[in-house]
Amino acid sequence: MVESKSEFRVVGLLSGTSVDGIDVAVAAFRAADDELTLTPLGYRELRYPEQLRRDILAALPPADCSAEQLTKLDTRIGQAFADAAATAVDEIAGGHADLVASLGQTVFHWVEEGSAKGTLQLGQPAWIAERTGLPVVADLRVRDVAAGGHGAPLASTLDALWLRTDAEREGKPVAALNIGGIANITVVRPDGSVLAYDTGPGNALLDIAAAEVTGGAQHSDVDGALASRGTVREDLLSRLLSDPYYALVPPKSTGKEYFHAAYLRQATEGLPEIDGPDLLATLTELTAATVAAECERHGVSTVVASGGGLRNPALVNALRARVTVVPSDDNGLPSDGKEAYLTALLGWLTWNGLPANVPSATGAAGPRPLGAITPGSGPLPLPTPHPQPVTRLRVTPPDTP
């Protein structure tokens, strides 16, 4: 048996398409042959400085954005990520970590005619390396795009390894669902084959509508309170469901450069007036209906769910009317922190010379190591590559052998 001599600690960082803040987690990894063990050591969600959050949102499509804005945001986001990483090392890792992995802040995902042409994540990793002294793996999506993939959903990497044993044991497909600004699903079959893609908007349109309905007082439909007071408008729902994205064959990806405020305004044009709660109820139904349709397509009746959408009872109830929803917490990974632990996993794989994408999920031409490495304060002693691919992931609580 080839087993790692000691645990290797990775700090995972990202900010999702909802731009709520920076998710940071620390994971301890230990490898034995083709199995990797992940021990979650802790998770935090750190708010962006309010002005930085506003500036990020102001730069997102369809708004115009200059090179000056992008340069300043790349630096300011990098500095915010650096502070988050330092906080994680001190407060979660007890002062010891080996590597930082950052998915950054996506500001544009370039898709034309169903093909990803490029993707841009901001948050300059040099600031993280300078602040922590640790090497940083960043820019994790673009290699997959260069290989013909969508660079998303990278959640498929964790899900494929984590759920494989469950699929074999149950003898039927199992699925993971993440509801961030965009919702994505990973389907793992008993034979180990994997399919993953973005199903459509998760919280993206809901957040836009909540801000408009409340005059900017809320960034989201807190506790689903607005949607719970409304009634689904079937005329608007029918129009939204006719969007050609839902008919595209996976692999496919999307983002807030597609599902944005102008998109929502156009969808409601010419319809009788829609009040705020009805609008939120309809958008909640849209997310639930599009997710459930993809589950049904693949014969999936239960999803292991994560992401900010689970904090919205109206959305969770709409989903549970169609499928069984099991929070990823029940399987050992905090639902709010799962993507940060995913980022840590991607960093570990790259650091150990292993592919970190799932070609059947992203559409890439083949397995690829992902990201670029920024050295820390000292020499960069890369380890000998792990001698075989990792095919399974086991999640264990701290102090579990």
Side-chain angles (χ1 to χ4, degrees), residues 7-16 19-29 41-56 59 65-108 119-143 154 337 339-353 356 369-383:
E7 70 175 24
F8 188 86
R9 293 186 173 188
V10 184
V11 178
L13 294 161
L14 81 153
S15 176
V19 197
D20 290 330
I22 301 167
D23 294 341
V24 56
V26 181
F29 292 97
L41 299 183
Y43 160 79
R44 300 281 192 281
E45 181 180 5
L46 304 175
R47 304 294 294 182
Y48 271 127
E50 186 56 33
Q51 188 58 54
L52 177 54
R53 182 179 187 276
R54 289 196 194 105
D55 291 345
I56 294 170
C65 184
S66 68
E68 177 183 356
Q69 285 175 280
L70 288 176
T71 301
K72 290 180 177 179
L73 285 175
D74 195 31
T75 293
R76 292 165 64 199
I77 294 170
Q79 292 169 338
F81 271 51
D83 289 344
T87 297
V89 173
D90 292 341
E91 298 183 6
I92 301 174
H96 169 65
D98 300 290
L99 179 71
V100 179
S102 174
L103 266 171
Q105 175 69 65
T106 297
V107 293
F108 191 72
T119 188
L120 180 62
Q121 286 73 46
L122 298 184
Q124 175 52 242
W127 293 101
I128 305 172
E130 190 66 24
R131 179 83 162 80
T132 64
L134 297 173
V136 181
V137 179
D139 209 13
L140 286 156
R141 297 188 188 276
V142 72
R143 180 64 187 277
L154 293 181
E339 285 198 304
Y341 286 112
L342 158 69
T343 308
L345 170 64
L346 299 176
W348 186 92
L349 291 168
T350 293
W351 186 255
N352 285 276
L370 303 181
I373 300 174
T374 300
S377 59
L380 189 66
L382 291 172

When you measure from the side chain of [X] to the backbone of [Y], do you find a donor-acceptor pair of N or O atoms at a distance under 3.5 Å?
{"X": "T106", "Y": "Q121", "answer": "no"}
{"X": "T374", "Y": "A126", "answer": "no"}
{"X": "Y341", "Y": "V24", "answer": "no"}
{"X": "Q105", "Y": "L14", "answer": "no"}
{"X": "R9", "Y": "A93", "answer": "yes"}

Closest non-hydrogen atom pair, [X] against [Y]:
{"X": "A28", "Y": "E7", "answer": "CB-OE1, 3.5 Å"}
{"X": "L370", "Y": "T350", "answer": "O-OG1, 2.6 Å"}
{"X": "A85", "Y": "T132", "answer": "CB-CG2, 3.8 Å"}
{"X": "A97", "Y": "V11", "answer": "CB-CG2, 4.0 Å"}
{"X": "A344", "Y": "A27", "answer": "CB-CB, 4.1 Å"}
{"X": "L99", "Y": "V137", "answer": "CD1-CG2, 3.9 Å"}

Pairwise distance [atom1]([X]) to [atom2]([Y]) - rounded to 0.5 angstrom:
{"X": "L52", "Y": "I22", "atom1": "CG", "atom2": "CD1", "answer": "7.5 Å"}
{"X": "F108", "Y": "L122", "atom1": "CZ", "atom2": "CG", "answer": "12.5 Å"}
{"X": "L345", "Y": "L349", "atom1": "CG", "atom2": "CG", "answer": "4.5 Å"}
{"X": "I373", "Y": "L382", "atom1": "CD1", "atom2": "CG", "answer": "5.0 Å"}
{"X": "Q79", "Y": "I128", "atom1": "CD", "atom2": "CD1", "answer": "11.0 Å"}
{"X": "D20", "Y": "L46", "atom1": "CG", "atom2": "CG", "answer": "12.5 Å"}

(message) Is a donor from one side chain sitting under 3.5 angstrom from an acceptor on the other, for D55 and Q51?
(response) yes
(message) Check this for me: E68, atom CD, are more than 12 non-hydrogen atoms of other residues, nucleotides or ligands nearer than 6.0 Å?
(response) no
(message) Counting neighbours of CD on E130 that are heavy atoms of other residues, nucleotides or ligands and sit closer than 6.0 Å, is the number greater than 12?
(response) no
(message) Between W127 and I77, is there a side-chain heavy-atom distance shorter than 4.5 Å?
(response) no
(message) side chain to side chain contact (heavy atoms under 4.5 Å, CB included), that's the test. Do E339 and L154 meet it? Break it down for me.
(response) CA-CA 9 Å; E339 285 198 304; L154 293 181; over 6 Å; no
(request) Report the residue from T71, D74, L73 that forms a side chain to side chain contact (heavy atoms under 4.5 Å, CB included) with Q124. (result) D74
(message) So, applying side chain to side chain contact (heavy atoms under 4.5 Å, CB included) with L134, which one of D98, V10, V89 is it?
(response) V89
